[in-house]
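Note sheet for the following structure.
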Amino acid sequence: MSRSRRFAEKVLNLTPVMVLALALAVLTGCGESFDHGHKLRYGVESQDGKVVGYTELVPEMLDLTGYTSIGAHAFGNCRKLRSVKISGGLTGIGEGAFEGCRNSLFDMTKIPGVKLLDGWAVGFTDSLSGNVDLSEVRGIADGAFARCKTLTDVVIGDKVTRLGAGAFAECSRLRNVTIGRGVKQLNGDEFAGCAMIAKFSVSEDNPTYKSFSGLLLAKDGSTLVCGISGDVTIPDGVTRIGKGAFQDYGGLTSVTIPTSVKVIEAGAFVRCAGLTSVTIPDGVEIVEDGAFNSCDGLTNVVVGSGVRNLGSGAFLKCRKIESFSVSKENPHFKSVSGMLLTKDGKSLVCGVNGDVAIPDGVEGIAQEAFRDRNGLTSVAIPDHVKTIGNLAFADCDGQTRVVIGKGVQNIHKGVFLNCRKIESFSVSEENLRYKSVSGMLLTKDGMVLVCGVNGDVVVPKGVTRIAQEAFSNCDGLTSVTIPDGVRIIEALAFCDCRELTRVVIGKDVAKIEKDAFYNCRKVGDVSVSEENPRYKSVSGALMTKDGKTLICGAVRADGKGDGNPLTRTFVCISLAFLLMAAVGVAWWAIWKARKNRAA
């Protein structure tokens, strides 16, 4: 037997193995393209009769009688499913429960543009017109019409007892809603983000809700459940503005709150961008968490004499606030220089924009007091301030310089997080807990770098630890040198430093915590001391010394993609394997042809 024939036979023996390995590689690489919807979990969750999915292949005919609810995405992408039977006792269908299923599963003839499943509205199509009559529908699934841009008017019939969560959320053109007598329960998010809603109409036979001046109220008129857009006057007699009542109502331009209101619930006016001023009357006692969160246009707030409890983040991320004005008769709060303080003047609760001087007597700056005040350009923290709360100045994009007095003893987590433009910190030499070196904020012993700055940064000598999020979102940070002596780089220390291109790491760094360099997209040059026993750099990428873990990948010279060595190695091995398989098949074909000719 010739040497070439013996070689061909060896290749032939190896070919099945190579083909099998190739098939496994293809299946592994393409795994995400398969329909996993058929292998979701199936069964009853605890004892509430909730369907949460399937363990086996979903049959074409699915009988769900006896179950009380269907979980979100429970049967998503089940393409073989052709019919579903639902019991009359079903109370809810989760968002996307049948998303991705064949259109033939749904009845789309009764109400044009609406996907019906055994009487339940579970979604819509692009053909949905502006006006939709759901009089014959017996249930509306969570998110069934969410983000429908064509819906302008909807009629909800008497058969519907509850609307799914977010059922009509972010329907940006929805203006008129008619609610039948059957609806008994609303959670406040069903119409969130319907910025142009103008009128609710409720059947007089509905025992739970009613409408007044276009607003949706509880039957006894005590709670405002859902508001409308425009210039709104809340009727006298309302005692609570419900959770999320005006949530994401960009069309709300003004609101008059009567003295009968006692409570403004959580998120009641969240993200009402058109609201420029608000007066909280004397009757209001409680403003709950995030009540006016992210009202981007809000500039002036008047606080009445009755407010005794202001929830966390009540005015968080109100980027344009210029002043708070508090009734002198209020025993709990007061305003000084437009800022909201506790009555004793010791705690600064909510700050404002501009060049800020903290009022005399303030000892503590509350959590998130100035967060997202984009108009804040500089702040001087005087000697009498002792504590700065969590995230107190976070996300203040305009802030460039921070002066810290001698009295500050405790700077909590994330105080200056995401302050993208900070150029320098200046700390009183008499401060016993902190100091500034090269414009950076350090603990007094110089061992912990608390907050960094922008530019080409060299971490000061003596630092042993770079604190969590110390340089997070420093958009102007272009390079950083971490010298010998630094042992720990904490989680997210350099997160989102989008202009960072070069990192030099000394020999003593022993621990780099999770996501320390997360989303540093332009890092193309990492250099690690050869004496470092834990880490090394390979082709500009940061890796563990054993080469098994990539920490920060190197960007290619053209700035596109990821040039990390592990990816390149994997690609090269894969291509080599494919080439071997192709060669094996080719040799087998040649050998077979020669054998046939010989025969």
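Residues L442 and P460 have side chains in contact (heavy-atom distance under 4.5 Å, counting atoms from C-beta outward). By the 4.5 Å heavy-atom criterion applied to side chains, N473 and R498 are counted as neighbours. Counting only heavy atoms from C-beta outward, the side chains of D525 and T501 never approach each other to under 4.5 Å. Here the side chains of Q247 and R271 are in contact, with some heavy-atom distance below 4.5 Å. Within the 4.5 Å cutoff, the side chain of V457 has heavy atoms near those of the M440 side chain. The shortest distance between side-chain heavy atoms of K343 and H332 does not fall below 4.5 Å. E322 is not listed as a side-chain neighbour of V352, based on a closest heavy-atom distance of 4.5 Å or more. Here the side chains of F333 and V307 are in contact, with some heavy-atom distance below 4.5 Å.
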Please tabulate, for the side chains in residues 392-403, all donor-acceptor contacts under 3.5 angstrom to protein atoms that are two or more places apart in sequence or on a different chain.
unit_1 : atom_1 : unit_2 : atom_2 : d
D395   : OD1    : N418   : ND2    : 3.0
D395   : OD2    : R371   : NE     : 2.8
D395   : OD2    : R371   : NH2    : 3.1

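R79 and N77 are not linked by any side-chain donor-acceptor pair at a separation below 3.5 angstrom, with hydrogens and angles left out of the test. Residues D456 and T478 bring a donor and an acceptor atom of their side chains to less than 3.5 Å of each other.
Heavy atoms from other residues, nucleotides or ligands lying under 6.0 Å from NZ of K435 number more than 12.
Pairs engaging residues 507-542 under the ring pair (Phe, Tyr, Trp, His ring centres under 6.0 Å) rule: F494-F517 [sequence neighbours left out].
One distance of note links CG of D296 with NZ of K320; it measures 7.0 Å at 0.5 Å rounding. Distance CD1/I365 to SG/C350: 12.5 Å, rounded to 0.5 Å.
Residues L376 and N353 approach most closely at N-OD1, 3.3 Å, considering heavy atoms.
A side-chain donor-acceptor contact under 3.5 Å links T443 to the backbone of V448.
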Kindly determine whether D372 and R319 satisfy salt bridge (Lys or Arg N to Asp or Glu O under 4.0 Å), including the steps that lead there. CA-CA 6 Å; D372 231 314; R319 301 181 178 185; 3.0 Å; yes
Could you go through the ring-ring contact (aromatic ring centres under 6.0 Å, His included) check for F324 and F315 one step at a time? CA-CA 11 Å; F324 288 90; F315 295 94; 5.3 Å; yes
Take N410 and T387 through the side-chain hydrogen bond (donor to acceptor under 3.5 Å, both in side chains) test and state the conclusion after the steps. CA-CA 5 Å; N410 198 343; T387 302; 5.4 Å; no
